[in-house]
Amino acid sequence: MNYWLMKSEPDDFSIDDLQMCEQQTVAWQGIRNYQARNYIRDQIALGDLVLFYHSSCKVPAIVGLANISSQPQIDVSAFDDRSAYFDMKSDATAPRWWQVHIQFMAKFSNPVSLKQLKADPLLQDMVLVAKGTRLSVQPVTQEQYQHIMKLTNVD
DNA sequence: GCCAACGTTGGC
DNA sequence: GCCAACGTTGGC
């Protein structure tokens, strides 16, 4: 079992949107970064847990929990020239981009803000904190995950 | 809206 | 294969 953090802009797709999806599940399409693609294609597995992060918003924060609910699949939105995610360099014979489905598990009553993450001595090695990285799919260690889950329960 | 950090592209 | 130019992300 592995742990991940996935970013989404809430104006675009929020944790509430995920909760309201049919089966509370959505295909995570549109990853167009090779490092993130490699994680999705090669390392993410059914049942892995996902910290759902809101970026580019008033209070960037980890706002909920999801799980990986499919095997990695080819992201067919790359083939669709009407899609915002269209990539003419990806086609069915040489698919370049991959997706998984994620399923809603929880919305935190105490989101963990980026500010909190940055200030926490135990979380300095988080990819999100350490590199200020823009990577939209990133690994989280079990220790980091457990600590963050503790923070969500603190009032 | 600004801009730093980072990723990608393409000329050589 | 280097690296400058350019584009994007995302916090502030």
Side-chain angles (χ1 to χ4, degrees), chain A residues 2-21 26-44 48-68 72-141 143-145 147-152 154:
Chain A
N2 287 307
Y3 303 90
W4 305 94
L5 181 145
M6 291 190 184
K7 296 183 188 177
S8 187
E9 300 186 18
D11 288 348
D12 214 38
F13 190 86
S14 70
I15 188 74
D16 296 316
D17 294 325
L18 178 60
Q19 186 169 17
M20 286 187 297
C21 282
V26 73
W28 207 245
Q29 298 186 318
I31 300 293
R32 298 291 179 267
N33 167 285
Y34 288 104
Q35 210 178 337
R37 187 281 308 271
N38 292 344
Y39 285 132
I40 287 181
R41 189 188 58 187
D42 306 333
Q43 289 188 241
I44 285 182
D48 283 357
L49 295 177
V50 176
L51 296 169
F52 196 96
Y53 178 85
H54 281 175
S55 67
S56 290
C57 56
K58 208 165 183 181
V59 183
I62 296 169
V63 296
L65 190 65
N67 69 83
I68 302 297
Q73 309 159 335
I74 293 164
D75 181 348
V76 296
S77 70
F79 308 151
D80 177 2
D81 63 10
R82 291 160 308 169
S83 167
Y85 303 134
F86 176 64
D87 179 359
M88 58 185 280
K89 291 176 183 163
S90 186
D91 63 57
T93 61
R96 178 178 288 199
W97 304 115
W98 293 72
Q99 68 182 35
V100 284
H101 286 68
I102 65 170
Q103 181 170 37
F104 176 86
M105 290 180 70
K107 178 181 176 178
F108 297 152
S109 50
N110 293 300
V112 184
S113 69
L114 179 61
K115 197 176 167 188
Q116 272 179 280
L117 298 172
K118 282 181 166 174
D120 196 313
L122 295 180
L123 297 174
Q124 294 309 295
D125 291 336
M126 275 189 82
V127 177
L128 192 73
V129 175
K131 297 211 69 182
T133 184
R134 303 173 303 166
L135 195 56
S136 62
V137 176
Q138 44 178 271
V140 173
T141 67
E143 291 74 21
Q144 290 161 355
Y145 170 80
H147 185 63
I148 289 164
M149 291 309 281
K150 255 187 273 172
L151 295 178
T152 64
V154 172

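Letters A, B, ... are given to chains in the order of the sequence lines, protein chains preceding strands, and every chain is numbered from 1.
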Item to complete: With sequence neighbours left out, write down each residue that passes ring-ring contact (aromatic ring centres under 6.0 Å, His included) with A/W97, or none if nothing qualifies.
Response: A/Y34
Discussion item. Within the supplied structure, the quantity of interest is the number of heavy atoms (other residues, nucleotides, ligands) at a distance under 6.0 Å from A/D125 CG; does it exceed 12?
Written reply: no
Fill in: A/K118: partners by salt bridge (Lys or Arg N to Asp or Glu O under 4.0 Å), with sequence neighbours left out
none
Worksheet entry | Test side chain to side chain contact (heavy atoms under 4.5 Å, CB included) applied to A/A119 - qualifying residues, sequence neighbours left out | none
Practice prompt. Starting from C1' on C/dG10, measure out to CG on A/L5 and report it in whole angstrom.
Written response: 14 Å
Discussion item. So, using salt bridge (Lys or Arg N to Asp or Glu O under 4.0 Å) as the criterion, who are the partners of A/D16 when residues are at least two apart?
Written reply: A/K107
Discussion item. Taking side-chain hydrogen bond (donor to acceptor under 3.5 Å, both in side chains) as the definition, give me every residue that meets it alongside A/D48, ordered by chain and number, with sequence neighbours left out.
Written reply: A/W4
Worksheet, complete the sentence: In A/I44, A/V50, A/L5, the residue satisfying side-chain contact (heavy atoms from CB on, under 4.5 Å) with A/V137 is A/I44
Discussion item. I need the CD-C1' distance between A/Q116 and C/dG11, as an integer number of Å.
Written reply: 16 Å
Worksheet entry | side-chain hydrogen bond (donor to acceptor under 3.5 Å, both in side chains): pairs with one or both residues in residues 49-67 of chain A, sequence neighbours excluded | none
Discussion item. Rounding to an integer number of Å, can you tell me how far A/L128 CG sits from C/dC12 P?
Written reply: 10 Å
Fill in: Stretch residues 117-125 of chain A: residues that reach within less than 4.0 Å of DNA chain B through a heavy atom
none
Fill in: side-chain hydrogen bond (donor to acceptor under 3.5 Å, both in side chains) partners of A/R32, counting only residues at least two apart
A/D75, A/S77
Worksheet entry | Set of side-chain hydrogen bond (donor to acceptor under 3.5 Å, both in side chains) partners for A/Q144, sequence neighbours left out | A/T141
Worksheet item: What is the distance from CG of A/D11 to C1' of C/dG11, rounded to the nearest Å?
Response: 15 Å
Item to complete: Whole angstrom is fine here: how far is it from CE in A/M126 over to P in C/dG11?
Response: 12 Å
Are there any protein N/O atoms within less than 3.5 Å of an N/O atom in nucleotides 7-9 of chain C, and if so, which ones and at what distance?
unit_1: C/dT8; atom_1: O2; unit_2: A/R134; atom_2: NH1; d: 2.4

Worksheet item: Listed in order of residue number, which residues of residues 34-41 of chain A have a non-hydrogen atom at under 4.0 Å from DNA chain B?
Response: A/Y34, A/Q35
Worksheet item: What residues, two or more places apart in sequence or in another chain, satisfy side-chain hydrogen bond (donor to acceptor under 3.5 Å, both in side chains) together with A/S113?
Response: none
Fill in: Protein-nucleotide distance (A/H54, atom NE2; C/dG11, atom P), rounded to Å
12 Å
